[in-house]
Amino acid sequence: MKHIVYALVDCNNFYVSCERTFNGALHSRPVLVLSNNDGCVVARSDECKALGIKMGQPVFQCRELIEQHHILLFSSNYPLYADMSDRVMQTLATFSPSVEVYSIDEAFLDLSHVPGEQLHTYGHQIRETVWRFTGLPVSVGVASTKTLTKVSNEVAKKHPVYQGVLSLVHASEEELDEVLEMLPVQDIWGIGPRYARLLQSRDILTAKDLKYADQRWIRRHLTVVGERTVLELRGIACIPLETQAKPKKGIMTAKSFGRSVESLKELEEAISCYVARAAEKLRKQESAATCISVFLHTNAFQQDAPQYGNSLTRMLPFPTSFTPDLFNVALDMLRSIYREGYAYKKCGVFLTRIVPQDVLQADLFGEYSIEQEYKKARLMCVVDLLNEWWGSNTLFFGAQGIVRAWKMRQERRSPRYTTRAGDIVVVST
DNA sequence: CGGCGTTAG
DNA sequence: TATTCTAACGCCG
């Protein structure tokens, strides 16, 4: 069997780089992108990483650094990032017949078709082409397993000598081990803080140590997933390329509010919005849900305030993705867990028991009529098409409310440069 | 099968 | 003033 050659292409500081692409003034300035409600740091420019600002850190904890170093802050602008991501992925598709879009800013590629001696050059071509087409900097790691591409990508990103591209395919075992020895065990793909602590306590400190660790011990303490990681470090590919996006088994929509919310009416609007969004995702992957959960809770960080949280799960009479049907059930559930007199911070809905839309089955009690369901499906199809063409929420249900005063804060969002006609950058001549 | 723990980005 | 969001999977009882 011929070995597969894998590449991992990963955008550097993706959200920050997206912001910089459309605003030259941001280059060489420290930049942070913030989470929903502008609460946490979700992306950092290199300057901010050097200042010690951590991923996920609450913004109020870095206030001083932000002022001292005149760090520029941005609310996250997901429509922009999603669109830039599409462009990157389309570019990558021209370099390989098999691409796995692993996350918004990363893709694994099958490079088995590239002659071995050309891999290094090919990696640089990928990097330069993405730069030319999108203005985004990427790093490229090439190796014989996905875990090893993660390693080479990280090394390529961290050490300027590699100029963003490193292939380990032709490295000798000794050279490979030298690279692995540079990588602390907590930086290996699949090793989180918990496993890292356990491994460190057993004197397994680097990727090289893990590569040569006792397989049975790893299996027992880190499950089969950890065992796979060890084998992959040894060059034995255990994690296949997944080029076909699998439909999600659960779809959750949940957000913290921009301020605390007490009234049932506003919670109803929020839950309706989340149901509408979740159902949209459901239809996009051509599925229907059989089970729905609704939850709400107060702000656990507000320790002196009275706390309350609750959730309810209910089976639907038959699988559906029809938004109004889901509204009725979700709002009914919300009303039964709602208690007056609390300052709510977050609520959400969770759709589960997801099945393909085309195997919808009649229910026992005859509530289900196939003609009726076709009508509903066509209606939702029209809503989805309009929203796709004219922008999300062009058409929405009355239950979702109009003012939406509870919505999350996004005080520093950049324009939707690429997805809204009015926000397109104007180049003066 | 549900709940918990762990990891990912 | 202020603390992200979504998803998958393995193990255990």
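Hydrogens, waters and symmetry mates are skipped; everything else that's a heavy atom, side chains included, is used. Per chain, numbering begins at 1; letters A, B, ... match sequence-line order.
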Margin query: In this structure, how many angstroms lie between the P atom of B:dG9 and the CG atom of A:Asn36, rounded?
Written below: 19 Å
Notebook entry, point to check: NA contact type, A:Ser76, heavy-atom cut-off 4.0 Å: base, sugar-phosphate, or nothing?
Noted result: nothing
Margin query: Need one value for A:Ala300: base, sugar-phosphate or nothing, where a base atom within 4.0 Å counts as base even if backbone is also close, heavy atoms only.
Written below: nothing
Item checked: Atom pair distance, as rounded to whole Å: CD in A:Glu100 and P in B:dG9 -> 12 Å
Check: When we call it a touch if two heavy atoms are under 4.0 Å apart, what does A:Arg277 touch: a base, just sugar-phosphate, or nothing?
Finding: nothing
Note to self: Under 3.5 Å, is there a donor on one side chain and an acceptor on the other for A:Glu181 and A:Thr206?
What the structure shows: no
Margin query: Within the 3.5 Å criterion, strictly below it, is a donor on A:Thr91 or A:Arg132 matched to an acceptor on the partner's side chain?
Written below: no
Note to self: Between A:Glu266 and A:Arg259 (salt bridge meaning N to carboxylate O under 4.0 Å), is one present in this structure?
What the structure shows: yes
Note to self: Return whichever of A:Thr223 or A:Phe60 has its heavy-atom-nearest nucleotide of DNA chain C closer to the 5' end.
What the structure shows: A:Phe60
Check: Residues in side-chain hydrogen bond (donor to acceptor under 3.5 Å, both in side chains) with A:Lys376, at least two apart?
Finding: A:Asp325, A:Glu373
Notebook entry, point to check: Taking atom C1' of B:dA8 as reference, at what distance in whole Å does atom CZ of A:Arg194 sit?
Noted result: 17 Å
Checklist line | Check: A:His221 side chain, A:Trp217 main-chain N or O, donor-acceptor pair, under 3.5 Å | finding: yes
Notebook entry, point to check: Touch check for A:Gln302, heavy atoms < 4.0 angstrom, all strands: base, sugar-phosphate only, or nothing?
Noted result: sugar-phosphate
Next item on the list: Grab the CG-C1' distance between A:Asn13 and B:dG9 for me, whole Å please.
Entry: 14 Å
Note to self: Considering every strand and a 4.0 Å limit on heavy-atom distances, what is the contact class for A:Ile188: base, sugar-phosphate, or nothing?
What the structure shows: sugar-phosphate
Check: B:dA8 C1' sits how many Å from A:Asp105 CG, rounded?
Finding: 12 Å
Next item on the list: By nearest nucleotide on DNA chain C, pick out whichever of A:Lys246 and A:Cys40 is the more 5' one.
Entry: A:Cys40
Next item on the list: Determine the contact category for A:Arg219: base if any of its heavy atoms lies under 4.0 Å from a base atom, sugar-phosphate if only primed atoms, P, OP1 or OP2 are that close, otherwise nothing.
Entry: sugar-phosphate
Note to self: Could you check whether A:Lys157 pairs with A:Glu154 (Lys NZ or Arg NE/NH1/NH2 to Asp/Glu carboxylate O, under 4.0 Å)?
What the structure shows: no
Note to self: How many whole angstroms separate atom CD1 of A:Ile239 from atom C1' of B:dA8?
What the structure shows: 12 Å
Next item on the list: Anything under 4.0 Å to a heavy atom of chain A counts; send over the first and last such nucleotide of DNA chain C, read 5' to 3'.
Entry: C:dA2 to C:dC11
Note to self: By the 4.0 Å heavy-atom rule, please label A:Lys345 as base, sugar-phosphate, or nothing.
What the structure shows: sugar-phosphate
Next item on the list: Hey, can you tell me if A:Tyr344 and A:Tyr338 have their rings parallel, tilted or perpendicular (30° and 60° cut-offs)?
Entry: tilted
Notebook entry, point to check: Just checking A:Val225: base, sugar-phosphate only, or nothing, at a heavy-atom cut-off of under 4.0 Å?
Noted result: sugar-phosphate
Note to self: Regarding A:Leu34, tell me which of base, sugar-phosphate or nothing describes its non-hydrogen contacts under 4.0 Å with the strands shown.
What the structure shows: nothing
Notebook entry, point to check: How close or far is atom C1' of B:dA8 from atom NZ of A:Lys248, stated in whole angstroms?
Noted result: 13 Å
Check: Hey, does A:Gln57 reach any base, or is it just sugar-phosphate, or nothing, if we go heavy atoms under 4.0 Å?
Finding: nothing
Checklist line | Cationic N near anionic O, under 4.0 Å, A:Glu106 to A:Lys150 | finding: yes
Notebook entry, point to check: Reckon A:Val41 touches a base, only the sugar-phosphate, or nothing at all at heavy-atom distances under 4.0 Å?
Noted result: nothing
Notebook entry, point to check: Counting any heavy atom closer than 4.0 Å, what does A:Ile191 reach on the DNA or RNA strands: base, sugar-phosphate only, or nothing?
Noted result: sugar-phosphate
